[in-house]
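First listed ligand is number 1; within each ligand, the first listed atom is number 1.
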Amino acid sequence: MLKLSQSSYWQELQALALTHGETHLRDLFAEDAGRFQNYSLRVQNILFDYSKNCLTDEVMEALFGLAGDMDLQGAIERMYRGAKINTTEGRAVLHTALRNRSNAPVFVDEINVMEQINQELANMRQFVDKVRSGEWLGYSGKRITDVVNIGIGGSNLGPKMVTQALSAYADNNIRVHFISNVDGVEVAEVLRPLNPEQVLFVVASKTFTTSETMTNAQTARNWLMASAFDERAVKNHFVAVSTNVEAVAEFGIDTEHMFTMWDWVGGRYSIWSAIGLPIALYLGFDQFEDLLTGAHDMDRHFRDQPMASNAPVILALVGIWNSLLHGAQCQVILPYDQPLKSFTAYIQQADMESNGKHVDQTGNRVSYPTAPVVWGQLGIDGQHAFYQLLHQGNVIVPADFIGSVESSTPVRGHHENLMANFFAQTEALMNGIGAGQVREQLQAQGLDDKQIEDLLPHKVHEGNRPSNTLLLDRVDPRTLGALIALYEHKIFSQGVIWDICSFDQWGVELGKTLAQGILAEINGHSTNAHDSSTNGLIDYFKSQRS
Ligand code: G6Q
């Protein structure tokens, strides 16, 4: 396989980026009445419009050529077939198998993992049905009303995002809560209003060593004991999701009440495993399966569609093109759908933890930007905050706009208002407002020539700011599954093209290790083993505590 810099398409794209430096999106739309049709496609209840990016057929051809040179198709096959593509950890990467509704065998080290996956799904269903039907009881014989997930990062963001996104599909049988922060404020806030007799804790940690999660789990256990005064109550109120049987048993959770995952499930891709248990408890297992089905539909699309009609591949290539053309190192994700309020945070982890790497697969420093800084929040709130920079700032930030044709909770007049803003923003970013138009507006307001010339540069919007639009039929389990998988495969495709290992996270591990050492110093003797700033800060913190 070629190195990226050896690909003639990569060189061609760099040349095209120079040629297109002056091209305005407005002109591309004026030249081609079919631009929307040509640069949009519909996949699994999602309309994907990428026409508001400064692309031409020539650029697209070169991008597809680049993906070919980097053997994207081969890499897709290797992932789906269970090859150990997480090279620095020697692991397969099989979130696609977790939602493989076709049940076609997938082998890792000659073992068909579909058997283990199906067994675990069956365990989950049985447990979920017991809890939701009221058969599973708390220590005092009362049914479970509240599930509290204790986990962080990949063991928190997904279940939290999905349960928020699909709350319209919940039957209020069970409420869900999330504790991730080791800041005691969170555990106190979540637990204070709850009744320990009716709470089920899901301690979610692949390693079962993450200090934030273990600290919170221990506090939750103490909280339960303060009510139950009986160690046996742990059995009724704690289940675990982990790969670490010994640590789960040591914590005191009955390993019969442990759900497993495997080393080929990365934390940020684990929502499809038993890490998704809070989703299933909240919505019921059938709806969790719909989520899996939606993702599987997207998996089939990604594996089978030619590049020219392959949504995740195109989304990835558009991102790469924008980083070349505009030097864009940011990507803003703007949902116009209240249920998707945590979607950006979820994709932020998936993207930045996967592709935030500066060396290629062989360990050499790369000469091109890799993962962008992914940020954003609900678009409608952002409009009244940071959109100023998107429209007129001195930096180009490619934007993904995500909205729905139907609201999951229709309230008369609201959705139309929301979506009017949605369409207006992508148009404004693309078109801008030229000097001529601004001058006319100011003249119509009766300003004199001097006033107009003074104001003009401030009111001109250059436009030509790229965006993608993803218009869902509605946020439902199946469509949400497909949307998440779309982004997962985008991230994968970019990682392959940038020739980086997308599935390790050594930067996360570093923080975990360092904090452990410092915690010992906070609780015991300072070692002064750090730089003067870190030593000084630790000493100051200790000396100022009452
Ligand atoms: C995800 C990351 C990270 C991880 C958390 C929690 O890909 O590795 O976000 O999920 O650090 O780890 P545990 O599940 O092991 O507690």
Side-chain angles (χ1 to χ4, degrees), residues 79 85-96 98 120 148-162 178-183 186-187 201-220 238-251 253 258-279 342 344-357 370-371 374 484-485 487-489 491-492 494-495 500-516 519:
M79 173 168 71
I85 60 169
N86 176 353
T87 47
T88 69
E89 296 181 297
R91 293 174 180 174
V93 174
L94 279 176
H95 42 282
T96 50
L98 295 170
E120 207 52 24
V148 178
N149 189 77
I150 300 179
I152 195 164
S155 302
N156 164 67
L157 288 164
K160 185 171 169 181
M161 182 273 283
V162 171
F178 293 88
I179 299 174
S180 59
N181 197 342
V182 74
D183 187 332
E186 187 170 51
V187 66
F201 291 100
V202 178
V203 185
S205 175
K206 182 174 167 183
T207 54
F208 229 74
T209 55
T210 305
S211 73
E212 295 91 327
T213 300
M214 292 304 110
T215 305
N216 280 323
Q218 192 56 53
T219 301
F238 277 84
V239 298
V241 182
S242 186
T243 53
N244 190 343
V245 187
E246 292 78 24
V248 169
E250 197 179 320
F251 181 84
I253 296 177
M258 170 181 167
F259 297 87
T260 199
M261 52 200 287
W262 304 273
D263 72 356
W264 38 261
V265 182
R268 55 195 172 275
Y269 298 94
S270 62
I271 195 175
W272 322 100
S273 71
I275 291 288
L277 195 62
I279 303 170
S342 294
T344 305
Y346 179 76
I347 298 301
Q348 181 181 58
Q349 181 197 26
D351 199 330
M352 293 173 71
E353 209 168 83
S354 297
N355 287 343
K357 316 281 164 68
T370 53
V374 176
I484 300 169
Y487 273 92
E488 285 178 350
H489 294 322
I491 293 163
F492 172 78
Q494 290 190 332
I500 55 183
C501 182
S502 300
F503 297 103
D504 58 20
Q505 56 283 315
W506 299 108
V508 177
E509 313 298 339
L510 172 69
K512 288 187 181 184
T513 315
L514 290 179
Q516 265 171 13
L519 179 61

List by chain and number: which residues place a heavy atom under 4.0 Å from ligand 1?
->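 Ile152, Gly153, Gly154, Ser155, Ser205, Lys206, Thr207, Thr210, Gly267, Arg268, Gln349, Glu353, Gln505, Lys512.
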Would you sort out whether His95 and Ile271 count as a side-chain contact (heavy atoms from CB on, under 4.5 Å), showing the intermediate values?
-> CA-CA 9 Å; His95 42 282; Ile271 195 175; over 6 Å; no
Identify each donor-acceptor pair in which a side-chain atom of residues 202-209 lies under 3.5 Å from a protein atom, sequence neighbours left out, and give them as a table.
residue, atom, partner, partner atom, Å
Ser205, OG, Phe208, N, 2.8
Lys206, NZ, Val265, O, 2.7
Thr207, OG1, Thr209, N, 3.3
Thr207, OG1, Thr209, OG1, 3.1
Thr207, OG1, Thr210, OG1, 3.3

Modelled atom types, side-chain donor and acceptor of Thr243 and Trp262, under 3.5 Å =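 The answer is no; no qualifying pair exists.
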Would you say the side chains of Thr370 and Asn355 form a donor-acceptor pair under 3.5 Å?
->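 Short answer, no.
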Return the set of residues passing side-chain contact (heavy atoms from CB on, under 4.5 Å) with Asp183 (not counting sequence neighbours), or none when no residue passes.
->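 Partners of Asp183 under the side-chain contact (heavy atoms from CB on, under 4.5 Å) test: Asn181, Val185.
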Sequence neighbours excluded, every pair satisfying side-chain hydrogen bond (donor to acceptor under 3.5 Å, both in side chains) that has a member inside residues 265-278 |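 Pairs touching residues 265-278 that pass the test: Arg268-Glu353, Arg268-Ser354, Arg268-Gln505, Tyr269-Ser354, Trp272-Glu488.
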